[in-house]
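Before any comments, here is the structure.
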Amino acid sequence: MSDVTKIIQKWHASFKKGTDFDSWGQLVEAIDEYHILARQLQKEVQSTNSHDFSEDQKKTIGKLSTCLEMRCASLQNAQSEEEFKLEDLKKLEPIIKNILTHNKDFPFDVQPVPLRKILAPGEEENLELEEEEDTAAGAGSPESFPSRVPAMQGTLLPRLPSEPGMTLLTLKIEKIGLKDAGQCIDPYMTVSVKDLNGVDVNPVQDTPVATRKEDTYIHFNIDVEIQKHVEKLPKGAAIFFEFKHYKPKKRFTSTKCFAFMEMDEIKPGPIVIELYKKPTDFKRKKLHLLTKKPLYLHLHQTLHKD
């Protein structure tokens, strides 16, 4: 069996797993599976070392990724005007299963997700340094780095089911203060919960892109549901907020700054936290304030106890 056939079989199995979860009403699991597959498909589209897919096949793969993201958006937002139904998604199963022989028009009028690079911690600093050293020679081309599907729609997850005696935390990201707020393109937040060693405790979530900017503020007003009961969070854990924005000249999404909240700060009501310079230090060892100006991340906490 060829490598390409194995990859297509793996994609199809993941697609089937996601739609099965979706059919059974296991929405958190379905969203996770769809996101994983969407990112695998997008990685193939952006790869320069492609597995012998033609340009037309790559376009179809990109459109499949877009449809998976659209289904996630529908599941995350029941009030979404542009709902993408499960039965629509299931129409794509023969395409993903037979991508090499598919020669019909794509059933939905969608565009592949734009090619944007979202870099792992540390990679963007290397890239920026290389570009400054040798812009003319095109050093540090974004194509040489791993990619992720951008967070135009976000990857937020629904609230967990309540458990007797357990507490769930909803964090409303209200706004962030930045001196160049108006110049940030497609800004969004990546929210994660890390233990003392910087290891993920929860699924990482991206907010949708914020569209409202006012003076030195970017307004989000977006609820993020922490995916573990507060009582089950490990001692010394922290909730991180990474502010990201798109740099068109360099064609990648960059982390501008970050903030974090520790467990003893979890209490109902508003909270204002300081912003730190990148790269994000998940172990909280070497922290440097972003600015001396009074600019912060504004949050509001709601605790749900059954």
Side-chain angles (χ1 to χ4, degrees), residues 7-43 61 63-97 107-108 110 113 148-172 188-195 199-208 222-234 237 239 302-306:
I7 287 166
I8 292 169
Q9 286 186 350
K10 186 179 174 186
W11 289 348
H12 178 239
S14 177
F15 183 89
K16 191 76 174 61
K17 190 176 175 184
T19 53
D20 282 348
F21 280 137
D22 205 341
S23 300
W24 300 331
Q26 293 178 247
L27 304 189
V28 174
E29 292 85 353
I31 289 167
D32 277 351
E33 196 64 37
Y34 290 153
H35 278 313
I36 290 166
L37 179 56
R39 288 171 181 176
Q40 288 173 352
L41 296 175
Q42 188 64 12
K43 190 173 180 181
I61 292 168
K63 289 179 179 181
L64 288 166
S65 177
T66 300
C67 290
L68 288 163
E69 290 290 327
M70 289 169 66
R71 178 60 186 156
C72 286
S74 293
L75 289 174
Q76 290 160 348
N77 182 7
Q79 286 78 42
S80 174
E81 292 178 13
E82 298 180 16
E83 187 182 3
F84 196 81
K85 295 182 171 64
L86 174 59
E87 51 264 37
D88 292 331
L89 191 64
K90 283 186 172 180
K91 292 175 187 174
L92 304 177
E93 186 173 357
I95 299 176
I96 200 165
K97 191 176 180 181
F108 305 108
V110 297
V113 174
R148 261 178 65 205
V149 174
M152 303 298 287
Q153 297 293 330
T155 59
L156 297 181
L157 297 167
R159 190 182 306 165
L160 294 175
S162 59
E163 287 185 19
M166 291 290 180
T167 310
L168 288 168
L169 171 62
T170 302
L171 283 166
K172 181 183 281 293
Y188 69 96
M189 286 278 183
T190 295
V191 181
S192 57
V193 184
K194 311 279 186 183
D195 67 12
V199 176
D200 282 311
V201 174
N202 271 357
V204 178
Q205 303 182 67
D206 293 331
T207 71
I222 290 169
D223 286 342
V224 179
E225 305 291 347
I226 300 304
Q227 298 294 301
K228 197 178 278 285
H229 293 87
V230 173
E231 291 81 1
K232 295 179 183 178
L233 292 170
I239 303 168
T302 305
L303 296 173
H304 313 271
K305 190 146 189 171
D306 193 9

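The figures here come from the full heavy-atom set of this structure, side chains too, leaving out hydrogens, waters and symmetry mates.
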Please check if the side chain of [X] supplies one atom and the backbone of [Y] the other of a donor-acceptor pair under 3.5 Å.
| X | Y | result |
| --- | --- | --- |
| Gln42 | Ile61 | no |
| Thr155 | Asp206 | yes |
| Ser65 | Leu41 | no |
| Gln40 | Trp11 | no |

Residues that [X] engages under side chain to side chain donor-acceptor pair (under 3.5 Å), provided they are two or more places apart:
| X | answer |
| --- | --- |
| Lys17 | none |
| Lys90 | Ser23 |
| Lys16 | Asp20 |
| Glu231 | Thr167 |

State the [atom1]-[atom2] distance between [X] and [Y], to the nearest 0.5 angstrom.
| X | Y | atom1 | atom2 | answer |
| --- | --- | --- | --- | --- |
| Lys305 | Ser162 | NZ | OG | 12.5 Å |
| Leu156 | Ile222 | CG | CD1 | 6.5 Å |
| Leu169 | Leu233 | CG | CG | 8.0 Å |
| Leu86 | Asp22 | CG | CG | 4.5 Å |
| Leu89 | Arg71 | CG | CZ | 7.0 Å |
| His229 | His304 | NE2 | NE2 | 10.5 Å |

Which donor-acceptor pairs under 3.5 Å do side chains of residues 25-33 form with protein atoms, sequence neighbours excluded?
{"residue": "Glu33", "atom": "OE2", "partner": "Ser14", "partner atom": "OG", "Å": "2.8"}

Listed by chain and number, what are the salt bridge (charged side-chain N to carboxylate O under 4.0 Å, His left out) partners of [X], not counting sequence neighbours?
| X | result |
| --- | --- |
| Lys10 | none |
| Lys194 | Asp200 |
| Lys232 | Glu163 |
| Glu93 | none |

Q.
The criterion is side chain to side chain contact (heavy atoms under 4.5 Å, CB included); which residues satisfy it with Lys97, sequence neighbours excluded?
A. His12
State, yes or no, whether a side-chain contact exists between [X] and [Y] at a heavy-atom distance under 4.5 Å.
| X | Y | result |
| --- | --- | --- |
| Leu92 | Pro107 | yes |
| Ile96 | Leu37 | yes |
| Gln227 | Arg159 | no |

Q: Considering non-hydrogen atoms only, spot the tightest contact between Cys67 and Phe108 and give its length.
A: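 Heavy atoms only, the tightest pair is SG-CD1, 4.3 Å.
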Q: Indicate the atoms forming the closest heavy-atom contact of Leu160 with Ile226, along with that distance.
A: CD1-O, 4.4 Å
Q: Could you give me the CA-CA distance, side-chain angles and deciding distance for Glu225 and Thr170, then say whether side chain to side chain donor-acceptor pair (under 3.5 Å) is met?
A: CA-CA 5 Å; Glu225 305 291 347; Thr170 302; 2.6 Å; yes
